There are 2 protein chains.
Amino acid sequence: MSASGVRARVRAEMTEEIKAVARRHLATDGANLSLRAVARDMGMASSAVYRYFASRDELLTALIIDAYNSVGETAENAATGDNALARFLSLTHAVRDWALADPHQWALIYGSPVPGYQAPQDTVGPATRVILLIADVVKTAYENGDIADRRPITGRFAEEFAAVAERYSPGAPPRLVAASLSAFVQMSGAISAELFGQLSNSVDEDRRGFFEYQMRGAAYLIGWE
Amino acid sequence: MSASGVRARVRAEMTEEIKAVARRHLATDGANLSLRAVARDMGMASSAVYRYFASRDELLTALIIDAYNSVGETAENAATGDNALARFLSLTHAVRDWALADPHQWALIYGSPVPGYQAPQDTVGPATRVILLIADVVKTAYENGDIADRRPITGRFAEEFAAVAERYSPGAPPRLVAASLSAFVQMSGAISAELFGQLSNSVDEDRRGFFEYQMRGAAYLIGWE
DNA sequence: AGGAAAGCAAGAGCACTGCTCTCGTTATGG
DNA sequence: CCATAACGAGAGCAGTGCTCTTGCTTTCCT
C-alpha cells in the first residue's frame with residue numbers, strides 16, 4: 001500500500017534525524033565528528049548509519065549542502081530595503097548573524113577544507129546562492145543608474161570578468177563584477193576573521209560596527225554613495 | 001662534558017626533525033595528522049615522540065608558531081619599495097605567495113580553528129607580526145603625509161580604534177587603524193577564498209591580478225592613490 | 001496469495017588513532 | 001662513581017571509520 005511508501009517516509013525521517021544529531025556534534029567536534037558517537041546518540045549500531053550515508057564524507061556533504069542552503073535562504077530573505085545599498089548591507093548582516101549563531105556550520109562551508117575531502121558537484125549550486133544574490137542586488141542597482149563610476153579594471157583578469165559580465169548581465173562593466181565578487185570575499189573574510197579569533201584584542205566590543213564599516217567600504221568600491 | 005650538552009643538541013635536532021616530518025604530513029592530512037605516522041616515518045615508536053611533545057596539540061602549537069613566524073618574516077622581508085603603497089602591495093603579494101606555496105600551513109593558522117584546540121598564549125606574539133607590519137607601513141606613510149583623507153568613523157567601534165591609535169600611533173586618526181585592520185582582513189580573506197576554492201569558475205586564469213585589484217581597493221580605503 | 005528481492009539493524013572484526021604505563025638502557029652531573 | 005634524569009620501545013586501553021555476515025521485515029511482482 002501507500003503510494004508514498006511507509007518505508008520511504010521512515011527513511012527520510014531517519015536521514016533527517018541523523019543530520020540533526022550530526023549537526024549537534026558539529027558544534028563540539030567540528031568537521032571530524034564521530035559517526036559512531038552520532039549512532040550512539042540515536043541508540044543504534046554504527047553500522048546501521050551506513051544504510052543512510054555511505055561514508056562519513058557523504059554525511060558531511062549533506063551537512064554542507066544544508067548549510068549552504070540555509071545561509072543562502074537567510075540572505076535572500078534579508079535582502080530587503082528601500083534601496084540597493086540597504087539591501088546589500090542587510091543581507092551581509094544576515095549572513096554574519098547566521099554565522100555567529102552557528103560558527104561551526106560556517107567553518108564547515110567557508111573554513112579550511114576538510115583534508116582528503118573532495119566536494120562533489122552537488123555542492124556547487126547551493127554554494128553560489130549568496131554570491132549570486134549579491135550580484136543580483138548590484139545588477140539591479142546598476143540598471144537603475146544607482147552605481148557611480150569607479151576606475152575600470154585592466155589586465156588578464158579583466159577579460160575573465162568581462163566574459164562573466166557578458167553572460168550574466170550584458171552591458172554591465174566588468175569592473176562591477178570584480179567589485180561584487182570582491183565584496184563577497186570581503187564579507188566572508190570579515191566574518192571568518194571575527195569567528196576564527198583574528199580580531200581579538202583590537203575589536204572586542206562593537207564588532208558589528210566594524211563589520212558594517214568594512215561592508216560600507218566594499219559598497220564604496222562597488223560604486224555606492 | 002660539553003658545556004652545550006650533547007643530549008640537549010640531539011634533543012633540539014630531534015624536535016626539529018619531528019616538526020619537519022609533521023609539516024610533510026600536514027600537506028596530506030591537514031590538522032588531523034597522525035602522530036603515529038610521524039613516528040613511523042622517523043623509525044621510532046610513537047611513545048617516544050611524547051618525550052618531545054606532550055601531546056598532538058603541543059606539536060600543532062609548535063607548527064602554528066613556526067608558520068606564523070615564517071609568514072611574518074616573509075612579509076617583513078618583502079615590505080620594500082619606493083613608496084609605502086608599493087611596500088604594502090609587495091608585502092601582501094609575498095604573503096599570498098607564501099600561502100600558495102604551502103596552503104596547509106596557511107590553513108593551519110588562518111583557516112578554521114582545530115576543534116577542541118585552544119591556542120596557547122605563545123602564539124599571539126607571532127600571530128600579530130603581519131598585521132603589525134601593515135600598521136607600521138601605514139603609520140610611516142601617514143607621518144610622511146602620503147595618506148589622503150577618508151570619511152571618519154563613528155560609533156562605539158570608533159572609540160575602540162581610537163584607543164588603539166592612541167597607544168600605537170598618537171595623533172593618527174582612528175579611521176586609519178580601522179582601515180589598516182580591514183586591509184589585513186581583506187588580504188587574509190582574499191587568500192583564503194582563493195585557496196579554499198571559493199573563486200572556482202569565476203577567476204581561474206589571473207588570480208594574482210584579481211588579488212592585486214582587491215589589495216588596491218583596500219589601499220584606496222586606507223587613503224592611498 | 002505467495003515467494004523472491006530488497007531494505008534494514010545489529011554485532012563482530014580489521015586496521016588505525018591518541019595517549020599512558022612499564023620496562024630496560026644510556027647519558028648527565030654532583 | 002653512582003644516583004638521577006632522559007630516553008626508546010613495547011604493550012595496552014578506549015576510541016575511530018568502515019566492512020562483512022547474519023537474521024528479520026517490508027516491499028514488489030507474478
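Just so it is clear, the model here is predicted, and its values are computed rather than measured. Worth knowing before you read on, the calculation uses all heavy atoms, side chains too, and leaves out hydrogens, waters and symmetry mates. Chain letters run A, B, ... following the sequence lines, proteins first and then strands; every chain starts at 1.
Pairs passing the side-chain hydrogen bond (donor to acceptor under 3.5 Å, both in side chains) check and including a residue from residues 156-165 of chain B, sequence neighbours excluded, do not occur. For residues 60-74 of chain B, the set of pairs meeting the salt bridge (Lys or Arg N to Asp or Glu O under 4.0 Å) definition, not counting sequence neighbours, comprises B/Lys19-B/Asp66, B/Arg23-B/Asp66.
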Practice problem: Encode nucleotides 5-18 of chain D as B, S and - characters from 5' to 3', where the letter depends on protein heavy atoms closer than 4.0 Å: B to the base, S only to sugar-phosphate, - to neither. | Solution: -BBBBB-B---BBB
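With rounding to whole Å, B/Glu58 atom CD is found 15 Å from C/dG18 atom P. For the pair A/Met42 CE and C/dA10 C1', the computed distance is 15 Å after rounding to whole Å.
Taking the side-chain hydrogen bond (donor to acceptor under 3.5 Å, both in side chains) definition, one finds that A/Asp206 meets it with nothing, sequence neighbours left out. In this structure, the ring-ring contact (aromatic ring centres under 6.0 Å, His included) partners of A/Tyr110, at least two apart in sequence or on a different chain, are A/Tyr68, A/Trp106. Contacts of A/Asp57 classified as side-chain hydrogen bond (donor to acceptor under 3.5 Å, both in side chains), with partners at least two apart in sequence or in another chain: none.
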